[in-house]
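Input: a single structure, listed below in structure tokens.
Every heavy atom of this structure was used, including side-chain atoms; hydrogens, water molecules and symmetry mates were not. Naming: A, B, ... by sequence-line order, numbering from 1 per chain.
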Amino acid sequence: MMTITAHPTTTRPAYTPARAMKKIVILGATSGIALEVQRQLAHQGRELLLVARSPQRLAEIQADLAIRGARQVLTCSADLASIQQHAGIFEFVQRTFADFDTVLLAYGSMHDQKDSETSVDVLLEQLTVNFVSATAILTLFASDLERRRTGCLAAITSVAGDRGRRSNYVYGSAKGALSLFLQGLRSRLHPAGVRVITIKPGPVQTPMTDHLANSARFADPEQVARDIVHALERRSPDVLYTPKIWRYIMGAVQQIPENIFKRLSF
Amino acid sequence: MSGQSAAKLRKQSAVPPPTERILSWGRYPKIAHQRVHKPAWNDQVPEIFNAAAPGALLPYGLGRSYGDSCLNAGRELIDCRRLNRILDFDASTGMIRCESGVSLSDIIDVFLPKGWFLPVTPGTRFVTVGGAIANDVHGKNHHCAGTFGAHVRQIGLHRSNDGLVICSSRENPDMLGATIGGLGLTGVIAWADIQLKPVAGPWIDAESIPFQSLNAFLDLSRESNDRFEYTVAWLDCFAGKNPRGIFFRGNHSPSHGAEFHPKRGPKLPFALPAWMLNRYSVKAFNTVYYKIHAASKGVAVVPYDSFFYPLDSIRQWNLLYGRQGFLQYQCVIPDTNLEAFEELLDRIARSGMGSFLGVLKQFGSAPAAGMLSFPRPGLTIALDFAMRGERTLRLMQSLDEIVQKSGGALYPAKDARMSSALFESSFPHWRSFVPYIDPKMSSSFWRRVTGAQ
């Protein structure tokens, strides 16, 4: 069943980044979206420093990314949720990867909303992981880039942070707070020429969302990663919605008057 | 990044997950699964085993098996697609170690630019390494390279009762033989070592030759098998005992040529209405297809993907057969029993139900790599039949009788309906495979053909 024709040779468009991105630090390298982003960066021959908890898992992706074309893959095993470990992480990055130019914060934690309503432990854990620890580690990296007057800080928040919803407001408020933090940070770092990108994915098919209803219809992480890599290597936008349709959906959702919104159960 | 207490709480309040519907490539049978696990890391597989009841699980890859061998009706699947990391590569020998969810497509993308290609490839690149091993798939080079399993040097196998078992020709060779072609029933493959083969580039020196009888096909096949690494034929199955067809043969081209990146083809967006495929439209397609190829016969340098994967250029082509899905019939009939093969072709032609995807290949005589491997010396033919209820099943039963009488076999990866008796005669030694089945594993296919619970 093969068609023997002339040579349908196609060539990929030459790769032309608008911004020098060579050395990328990934915080939360074993998260579902980060895994896809790293693959694409490896394919482009970038240098990566991966931070995540499990040394075993880090070793697996380190091997994979090196084979797929990454120029260099360093790993740092640490728990980003534990703020006490941040200084050690930052010190490791400065020692081994000093001239990094891009930081992508990709970790997060989502629990069943009902658990956060009944357990203060779960509530605080959600806020700590998604907001407190994220702002703490970003502050370390921000000051370094500001001093060097270069680079890009990107963090994955969520469309869930654009409006507090009955079904997911704890996760949403932590991510929304992180988006606000990034907004201020962007303004602070702008004079230094450091870019800050707020990445707001819609629901994506990753281990974090497998337990949700309809997860089979969520966005493909490969497509989301493509959007993220594209944004990292360009000068705009400041706020990335991915897939793009979420910019319009959330634009509409934000217009609904509170008096009506409070009656909606989604 | 979740804390201990929160993780515990989440487990306690786990809601029963929704009923998940996963279809095989033929989109028949349509069944539901109780749950689909999606481990992202090999270290999560033992937890899944521990929580499962006996016979509850079956690994699942890209779902390119046509029937029910990749399904586990009413029970659970382990979707291995996130286990997709390449763990090691030796650039001097071409040996790779990869996890079971790595697709053959991925291997080509990563290693062809480095000068290495798959030792054996089936007609689609969208299968996982785990699936290629579990079905011991074959390709156009079976006559000289054997099956995919023949190039698997070592497997790390998750077993529910004894952890990670290393299987190679030295360690647990029986378990290696059971896992190759073992339909996913021996455990979950954590990783496998596969010997790639060196190639000059992405190009194939290909030749297509029209033929007008079964004997002409056999002559071409005999003559070509020494000189060509890849041989296969397309067959117009409306022509009966003396079918016309196009014989394709090829070798990896020594020319380096230009760099080549396959295009992403169009995608069939939804299932076509069933009436669009009928004996007239298919006959017309076959005639046009034959005429085009007969007119353009000869030698050409073609990219590897149009030579190996012509159907991959239309994504979701399985939707062509309508909402009811389709059945593929792939059997092998011993070389010594050509009359049976002619009878089979005659029966298909007279039914008027054949399709345009008739593929014919003469298998080589390499010993089987696995205990339940399908390929064996003889002629193999693969045909699609749109599912039209009883009459489709009746036709296939009548083909079964011919296959069984001839001493042939049916391919489990393509099957959704063969009888226990035909399975027994196709794989007379299947009972010696049973001790290697992992106690937590089972499949719809296995229960159907063996009566296991």
| said: Among Asp88(B), Asn84(B), Ile246(B), which residue has the highest count of heavy-atom pairs closer than 4.5 Å to chain A? | reply: Asn84(B)
| said: Does Ile245(A), at its CD1 atom, have more than 12 non-hydrogen atoms belonging to other residues, nucleotides or ligands within less than 6.0 Å? | reply: no
| message | Given 3.5 Å as the limit, does a donor-acceptor pair link the side chain of Asp64(A) with the main chain of Leu87(B), or not? | response | no
| query | Do Arg68(A) and Arg85(B) come within less than 4.5 Å of each other through their side chains, counting heavy atoms only? | reply | no
| field | Within-4.5 Å side-chain heavy-atom neighbours: Pro207(A) and Arg82(B) | value | yes
| query | How about Gln56(A) and Asn42(B): do any of their side-chain heavy atoms sit closer than 4.5 Å? | reply | no
| request: Sort Phe111(B) into side chain, backbone, both or neither according to what part of it lies under 4.5 angstrom from a heavy atom of chain A. | output: side chain
| query | CZ of Arg166(A): more than 12 outside heavy atoms within 6.0 angstrom? | reply | yes
| Largest heavy-atom contact set with chain B, pairs under 4.5 Å, which of Glu60(A), Lys114(A), Gln62(A), Arg57(A) | Arg57(A)
| request: Would you give the length of the straight line joining atom CD1 of Ile86(B) to atom CD1 of Ile61(A), rounded to the nearest 0.5 angstrom? | output: 14.0 Å
| remark: Shortest non-hydrogen pair, Ile67(A) vs Phe89(B), comes out as CD1-N, 3.7 Å
| request: Could you tell me which of Asp43(B), Val110(B), Ile96(B), Ile204(B) has the largest number of non-hydrogen atom pairs under 4.5 Å with chain A? | output: Asp43(B)
